[in-house]
Protein chains: 2
Amino acid sequence: MHRVKVTSLTRIMPLSVGESQHLRVLRLRPGATLRVFDGQGAEADATLIRLDEGGAMLELGEAVQNNRETPQPITLAVALLKGDKLSDVVRAGTELGVTTFQLLQTRHADVPEIGEQKLVRLRRIAAEASKQSRRAVTPEVLAPVPLTRLTLVGQGFLAHPGSTARLTETLDWQTAVTLVSGPEGGFSDAEVAALTALGFTAITLGPRILRAETAPLALLGAIAASGV
Amino acid sequence: MHRVKVTSLTRIMPLSVGESQHLRVLRLRPGATLRVFDGQGAEADATLIRLDEGGAMLELGEAVQNNRETPQPITLAVALLKGDKLSDVVRAGTELGVTTFQLLQTRHADVPEIGEQKLVRLRRIAAEASKQSRRAVTPEVLAPVPLTRLTLVGQGFLAHPGSTARLTETLDWQTAVTLVSGPEGGFSDAEVAALTALGFTAITLGPRILRAETAPLALLGAIAASGV
């Protein structure tokens, strides 16, 4: 069933020009049933009541329970990465259940900052990936903050070579989860010390050296494989 | 320290034209210490004894214990995927410890076959990624076989939506591991039945729909996060 993101679930919902065009490409006709979601967790059936050059209109149907979210929100704090690597992390991270992406400025930065256009693009990727993975929640992508301004809500984990603690043995779903993932050059010793002082636990990802874009997906994969 | 792959660890080791060129770009000089590995698990220190237009020559030093491999070999049997997706899976899968990639022909194939040139390219990516992740083993990339010809060595797992068994609770490092990952359209019911009959266990990756290139990395991430 085709899934459409709407601003909010109201009795009659007009669609954007892009979405309307997409429904025409799919050759849908009035009377077709679709699924709508608002990106905040609400999802429902809907009926296409109009589709023409002027756009598309949907009528709200029955609410649908969507149970694709983790028991507590997951924040992925990820260092700025070069090229398309951040896009890859946001896309796969959304599929794997991240609720908030917090971009991070770090000492060994692959890139020092990120343009507004790129941020908009990352948000579009998060919206698209939440639709594809059938989540009713679209993750936020928050503009970069310096690592020192990161606050720990709930329990925090940091992948760090040489650690022996294991994520899945330590994780507890009673509170929110924050995962921190560094740049290609890794975190500086001072940064690791600062994160540890904030209450983050250093955990292992095995004895191999992972690229900066692989490490966060390994952390999230471990959560996905635990079934939540 | 720069790592170089050689055919075998012998007292005097000539390098390929490409590697020699790379050492010149790095401005190394005779006397420099490097690390050599043969892709089969052997690793050692080595000294650069010649570097000129004619090529490079290394002298073998002390053997080095490399403990970056999982306790038992991991085979990732992965369906043929479109575009660069297989490259991404081979690159990240190598970082995450895969020993053998077995390409698979499946019912719902994204692409029906793979050219010799692309296979060579995947092998080059595996070699490069094993070097980057500091493994002494370069994974094999085996030409596609039909899913029905897959044999199960050790214990086998198949990510399948709706399963409740968890990888990390079921995995036992006494025997080899085979992970099976499907195409974008998923496995057919008959394929799932065939794999189950072969002894593969269907396991969960959570309630979201993952892309074909994300699922195998989630499986491998769960293994990495268990510290092996």
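Only this structure's heavy atoms are used, side chains among them; waters, hydrogens and symmetry mates stay out. A note on names: the letters A, B, ... follow the listed sequences, proteins ahead of strands, and every chain is numbered from 1.
Residue A:R121 places its CZ atom among 12 or fewer non-hydrogen atoms of other residues, nucleotides or ligands, all under 6.0 Å distant. For B:D172, the CG atom is densely surrounded, since the number of other residues' heavy atoms within 6.0 Å is greater than 12. When the shell of 6.0 Å around CZ of B:R107 is examined, it contains 12 or fewer heavy atoms from other residues, nucleotides or ligands. Shown here is B:R123, whose CZ atom has more than 12 heavy atoms of other residues, nucleotides or ligands within 6.0 Å. Environment of CZ in A:R134: sparse, with no more than 12 heavy atoms of neighbouring residues, nucleotides or ligands closer than 6.0 Å.
Neither the backbone nor the side chain of A:L220 comes within less than 4.5 Å of any heavy atom in chain B. Heavy-atom distances place no part of B:E213 under 4.5 Å from chain A, backbone and side chain included. For A:L205, the parts lying near chain B are the backbone and the side chain together; criterion is any non-hydrogen pair under 4.5 Å. When heavy atoms are compared at a cutoff of 4.5 Å, B:E69 approaches chain A solely by way of its backbone atoms N, CA, C and O. Contact annotation for B:L219: neither backbone nor side-chain heavy atoms come within less than 4.5 Å of a heavy atom of chain A. If you measure heavy-atom distances from B:I203 to chain A, you find no contacts under 4.5 Å at all. Proximity to chain B is limited to the backbone of A:Q132, based on heavy atoms less than 4.5 angstrom apart.
Pairing each heavy atom of A:A222 with each of B:A225, the nearest pair is CB-CB, 3.4 Å.
When side chains are defined from C-beta on, B:L217 does not count as touching A:T214, because their heavy atoms never get closer than 4.5 Å. Inter-residue side-chain proximity for B:R211 and A:E95 is flagged as met; some heavy-atom pair is nearer than 4.5 Å. The shortest distance between side-chain heavy atoms of A:R208 and B:T70 falls below 4.5 Å.
In terms of heavy-atom pairs under 4.5 angstrom with chain B, the leader among A:P207, A:G206, A:G227 is A:P207. The candidate with the highest count of non-hydrogen atom pairs below 4.5 Å against chain A, out of B:I223, B:N67, B:L167, B:V228, is B:V228.
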